[in-house]
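Each remark here refers to the structure printed beneath this line.
We use all heavy atoms of the structure for the numbers below, so side chains are in, but hydrogens, waters and symmetry mates are not.
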Amino acid sequence: MRAPTEGSAALATDTAMADRLRRRRFRHPTEAVIKALLTASGFVSLAATALILLVLFEGTLTFFQDVPLADFFLQTRWQPLFEPVSFGIWELVAGTANVVLWSLVVAVPFGLGAAIYLSEYANPSVRRVLKPLLEALAGVPTVVYAYFALTFITLDVLRPLLGDNISIFNSLGASIVMAVMILPTIASISEDAMTNVPRELREGAYALGATRLEVALRIVVPAALSGIIASILLAIARVVGETMIVAVAAGSTPNLTLSPLESIQTMTGYMLQIGLGDAERGTIKYESLFAVGAMLFMLTLVFNLGAHLFVRRFQERYE
Amino acid sequence: MTAVRPEAPGSDRYQGARERSRRNTLSAASRWFFLTAAALALLVLAVLAYDTISQGAGRLNLQFFTSYPSRFADQAGLRSSLIGSGWVLALTVVMAVPIAVGTAIWIEEFAPDNWFLTVIKLNLANLAGVPSIIYGVLGLAVFVRFAGMGPSILAGSLTLALMILPMTVIAAQEAIRQVPSGIRDGALALGATRWQAVRGQILPVALPGIVTGVILAIARAAGETASLIMIGAFTFIAFDNSRITDDFTTLPIQIYNWTTRPQEAFRANAAAAIIVLMVIVLAFNLIATIVRNRFRRFR
């Protein structure tokens, strides 16, 4: 931009130049076409969200024309497949909560332990090997974990150990394997947060005579807390949405319990059960899929959004 | 700690030394405790690998790859599920990758920075967290039922394409963002249009990162089970797929099928199929790592 003192001649040149520049955008006709194509592809993800919302909303609406809203939220029995039918969502929510609870009981101590080790103890060469190996756990297909939960953890370990106190299909086997699945999520994101804690905080504590353990637990963990919480929220979202492990190993008995020894059914487990049979369109079984799906969608959305908020908080603080 | 007595063993100095040594011992011990936590998950992975291989290796012969599913465990094989997986994955990639890369280019290079872009980005982040079974419900309602595709290869691929779209976009965005801005600015300063800069300068540099992201997304799709069962791919297929309108089944679905059979003999089949699936998934991951390390020009 030129200063206005240089006179009107310069201004005229600027206008001409601006004109030429504006025209230059159309020098290549392909440019406009490509830009339009790219913009269109940007809209596909919006369309996907819109479709998900539309499908869930429409199906849920149809469901609630047959089942009163109050029954869904106020009754406790989920018994859609045989008479007398009952559609209280809480048994399925309890099933999901059950698996969330027990998988966190296992995964949080070990995940945070692994994160602390990687961030505060490991030397760089160990870290370079260990971290990708841990993250590889997240790449194992869940149907493989499902097989492992049922055949190895439950049949080869838990049943011989606990006998008939634990049913063949149980929450514990599924939760233990689920914990292995979410461990990399917790360890990796927490470790990132811990590595982001400024060096000066650590060195200040060391200078005052703190040991490595004290620095880790009293300085680094509190300073990285929002990242740690974010990692746990993300892990919860993954457990809530995970289907194969619970469908194979946790059973298909809706059950209002937090006991790890009993057979249960989660929201996702029920949805897969309907998917396995061929529920005719228009039947109440088919419509219930959408109501449970909507509930599942909202739950995972809440946990994912929560994680985003916490992630942003720790990024703002230290970057 | 609290006792303050003048005599030697209980003196402040004595107590202080003991306290320090206790804290140091605790700290030294904690290293092994945390290492155990980190190593335990890998131990589980090792047990999983050992258990699967010892159960399934005996079933890995040529007949296992060339046979259709069967109700007799020792005659059943992976033929139709391998072919089905191949079809679905190929079609998924063809549909998802151009749109994903296009979206990433648009977001990083073309889109005006306003509230709408924020919405698009937030939406992508949330889509990446939507459980796969929800994509299955979407596929069932929209592709299978509403569009009348039935539980076909096409419906399955469309479902998986939508599922891997967000993660592929995010990976491609990362790759494009890592291109040094000097390259872009240089091209633009020399008079290149936006697209010329993207095609000639930015994409070639970002390509390894994009390819890595795409391969990881394929690995994820290769192991995907729930959404495909949801759209109705849990079926008995005893023919070779040849059209995108065919019914199909995939490798993970076959594993699920054999895992849930009550007969012990099918456990070996499930384990053998898991070995095959893990080899495929690990191969994808390995290729992704190699691409990332070999071809990354700028860091």
Self-check item: Under 4.5 Å from a heavy atom of chain B, the part of A:Leu51 involved
Solution: both
Quiz prompt | A:Glu120, part contacting chain B, at a heavy-atom distance under 4.5 Å | solution = neither
Self-check item: Interface moiety of A:Thr300 toward chain B, non-hydrogen atoms closer than 4.5 Å
Solution: side chain
Exercise. Mind telling me whether A:Tyr117 and A:Tyr121 have parallel, tilted or perpendicular rings, with 30° and 60° as the class edges?
Key: parallel
Practice problem: Examine whether an atom of A:Phe303 lies under 4.5 Å from a heavy atom of chain B, and if so say whether it belongs to the side chain, the backbone or both; otherwise answer neither. | Solution: neither
Self-check item: Max heavy-atom pair count under 4.5 Å with chain A, selected residue of B:Ala38, B:Ser227, B:Ala100, B:Pro252
Solution: B:Ala38
Quiz item: By a 4.5 Å heavy-atom criterion (distance strictly below it), what part of A:Ile52 contacts chain B: side chain, backbone, both, or neither?
Solution: both
Quiz item: chain B heavy atoms under 4.5 Å from A:Ile34: which part of the residue, side chain, backbone, both or neither?
Solution: side chain
Self-check item: Residue part contacting chain B, namely of A:Val180, when any heavy atom lies under 4.5 Å
Solution: side chain
Exercise. Would you mind checking which part of A:Leu137 comes under 4.5 Å of any heavy atom in chain B, side chain (CB onward), backbone (N, CA, C, O), both or neither?
Key: side chain
Quiz item: Relative to the ring of B:Trp195, is the ring of B:Phe110 parallel (under 30°), tilted (30 to 60°) or perpendicular (over 60°)?
Solution: tilted
Exercise. Using non-hydrogen atoms and a 4.5 Å limit, figure out which bit of A:Leu150 sits close to chain B: side chain, backbone, both or neither.
Key: side chain
Quiz item: Should the pair B:Arg194-B:Glu109 be classified as a salt bridge under the 4.0 Å nitrogen-to-oxygen rule?
Solution: yes
Quiz prompt | Segment of A:Leu56 engaging chain B (4.5 angstrom heavy-atom cut-off) | solution = side chain
